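Below you'll find the structure, written out as structure tokens, and then a few comments.
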Amino acid sequence: MLDIQKIREDVEGVRQGILNKNVTIDFETILKLDQTRRDVISEVEVLKHKRNLVSKEVATRKKNQADASDLIDRTREIGGRIKALDDQQRETEVKLEECLMQIPNLPHDSVPVGSDASENPVIKAWGTRFEPDFNLKTHLEIGESLKLFDFPRGTKIAGPGFPLYTGKGARLERALINFMLDFHIDEHGYTEVLPPVVSDRKAMTTTGQLPKFEDDMYKIPQDELYLIPTAEVPVTNIHQGEIIPEEDLPIRYCAYSSCFRREAGSYGKDTRGFLRLHQFNKVELVKFTKPQDSYSELEKLRRDAEEILEALGLEYRVIELVTGDLSFAAAKCYDIELWAPGEDTWLEVSSCSNFEAFQARRGAIRYKPEGGGKVQLLHTLNGSGVATPRLLVALLESYQQQDGSVVLPEVLGPYMGSAGLHLE
RNA sequence: GGAGACGUGGCCGAGUGGCUUAAGGCGGCGGCUUGCUAAGCCGUUGAACGUUCCGACGUUCCGUAGGUUCGAAUCCUACCGUCUCCGCCA
């Protein structure tokens with residue numbers, strides 16, 4: 001949510017920023033609602049002040065056994081008008097809030113202006129291309145021959161997009177999750193949390209999934225809960241409604257969770273194997289920072305994700321998203337993509353974003369400055385560190401051998417245990 | 001799932017319709033004291049919104065939402081949450 005005060009003060013600047021995100025908003029209606037709201041508040045506050053004074057006078061007279069019926073009549077009349085104005089205020093605020101909830105976050109000044117993903121600049125590349133002199137297999141071919149997963153049976157249980165990992169494939173999935181968690185906890189100083197995989201409407205609204213993207217999520221109507229599309233939702237909401245002492249910042253959480261996405265509207269796109277799923281595993285990084293620190297923390301966050309890929313020896317590149325490709329809640333975002341030699345393509349495994357105060361305002365997440373300054377909104381950030389399905393794809397395809405087996409990188413040794421690093 | 005108890009500021013806790021402008025304590029902050037010293041004394045203490053001549057002023061907030069009333073932390077209704085007991089259960 002944007003600051004209504006900022007909209008009031010610089011509507012043209014806001015309009016242009018939102019336009020750069022390819023969104024058009026009717027700001028005139030918003031400003032009118034804002035004006036109405038303030039007018040009504042002014043009026044009702046005068047009346048309430050009057051009521052308070054007269055009520056006090058009633059109390060005084062009653063104490064002195066005096067008659068107060070004339071005052072009571074007057075207050076009754078004032079009370080009626082207050083009720084009407086209170087209703088009007090509530091109505092106006094609901095409408096205003098509905099409008100504000102529809103506005104995406106403003107892009108940061110440093111974000112290149114552009115209309116869509118085709119304009120996203122590549123800002124970094126790391127690693128060397130895996131180009132052996134034998135014919136490369138895709139992860140599906142590798143997985144089937146080594147019995148690492150079983151898509152037909154997964155589909156039998158829950159429909160397409162719900163993967164079933166088997167044998168050493170299941171072990172590898174678990175190894176990757178544990179490796180990434182330990183790495184972020186021990187090397188990068190994150191605090192581990194293991195959150196619920198469902199969240200309520202309020203939590204989904206804080207992070208920006210609601211009210212606009214209801215159809216993208218799995219819903220449990222009986223309990224008014226949603227399956228989380230990312231651990232970002234429950235983890236960001238850990239501090240919903242709280243005022244955090246400045247000395248506790250930054251807070252860095254690291255969380256593993258299953259993620260659930262309906263992927264509505266994307267049927268027929270990347271449907272092969274692990275490229276796009278309804279359920280997948282992800283290690284997520286979430287930060288709460290002071291406003292002045294959020295951009296340096298974004299760079300560190302991106303490094304934290306990159307280092308996972310470097311430790312696994314996988315070729316990656318970093319993309320900076322242009323304004324038109326930024327998600328609803330993001331002010332700035334980097335995507336990290338892995339090279340999948342078998343698929344012969346880049347696969348997005350991480351998205352690192354700074355939301356500035358956008359989520360904090362929706363969820364009332366604030367901090368109290370040391371030395372007693374005014375309480376203010378903090379900044380939230382998050383990034384995948386990283387999602388497993390496409391990581392698994394790149395890993396299997398990058399470490400495949402001519403004989404069809406796979407030799408995993410050494411860092412996974414402790415996690416593969418008795419299964420070993422040689423999948424055959 | 002059944003029964004009961006409870007929900008007040010950062011924390012503890014008083015408050016059963018007007019004397020509350022939420023007592024008192026703890027903690028925090030500022031100051032004074034320096035033979036009450038593992039201390040003492042004094043002062044101070046939250047959030048949101050609106051107006052503003054930037055000095056302030058006003059309104060709201062006692063789990064949440066409604067209701068009764070001239071007036072609600074206090075009475076009524078619903079919901080949410082916590083705890084205890086019973087049932088069920090990995």
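What you see is a predicted model, and the numbers here were worked out from it, not measured in a lab. The sequence lines fix the lettering, A, B, ..., with proteins before strands; numbering per chain opens at 1.
- Nucleic acid contact for A:Thr75: sugar-phosphate only, since backbone atoms but no base atoms lie under 4.0 Å from a heavy atom of the residue.
- In the region residues 1-10 of chain A, proximity to RNA chain B at under 4.0 angstrom, judged on heavy atoms, holds for A:Arg8.
- No side-chain donor-acceptor contact under 3.5 Å links A:His379 and A:Tyr295.
- Nucleotide B:A23 forms no Watson-Crick or G-U wobble pair with any nucleotide shown, as no partner meets the under 3.5 Å limit on both distances.
- Within the nucleic acid shown, A:Asp73 has no heavy atom closer than 4.0 Å to any nucleic acid atom.
- When the P atom is used for both B:G35 and B:G40, the distance is 16 Å, rounded to whole Å.
- B:C29 and B:G43 make up a base pair, with Watson-Crick or G-U wobble contacts both under 3.5 Å.
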Which side-chain N or O atoms in residues 71-88 of chain A pair as donor and acceptor under 3.5 Å with protein atoms at least two apart or in another chain?
{"from": "A:Thr75", "atom 1": "OG1", "to": "A:Leu71", "atom 2": "O", "distance (Å)": "2.7"}
{"from": "A:Asp86", "atom 1": "OD1", "to": "A:Lys48", "atom 2": "NZ", "distance (Å)": "3.3"}
{"from": "A:Asp87", "atom 1": "OD1", "to": "A:Arg90", "atom 2": "NH1", "distance (Å)": "3.3"}

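- B:U59: Watson-Crick or G-U partner is B:A48, with both key distances under 3.5 Å.
- You can see that RNA chain B meets the heavy atoms of chain A within a 4.0 Å-exclusive cut from B:G18 to B:G71, reading 5' to 3'.
- A salt bridge does not link A:Glu28 with A:Lys32: none of the charged nitrogens is closer than 4.0 Å to a carboxylate oxygen.
- Nucleotide B:G4 has B:C83 as its partner under the Watson-Crick or G-U criteria, with both atom distances under 3.5 Å.
- Taking atom P on both B:G18 and B:G13, the two are 24 Å apart, rounded to the nearest angstrom.
- Using a 90° window around 0 for the glycosidic torsion, B:G55 falls inside it and is classed as syn.
- By the 30° and 60° cut-offs, the orientation of the rings of A:Phe151 relative to A:Phe274 is perpendicular.
- Comparing the same atom, C1', in B:U69 and in B:C11 gives a spacing of 35 Å after rounding to whole Å.
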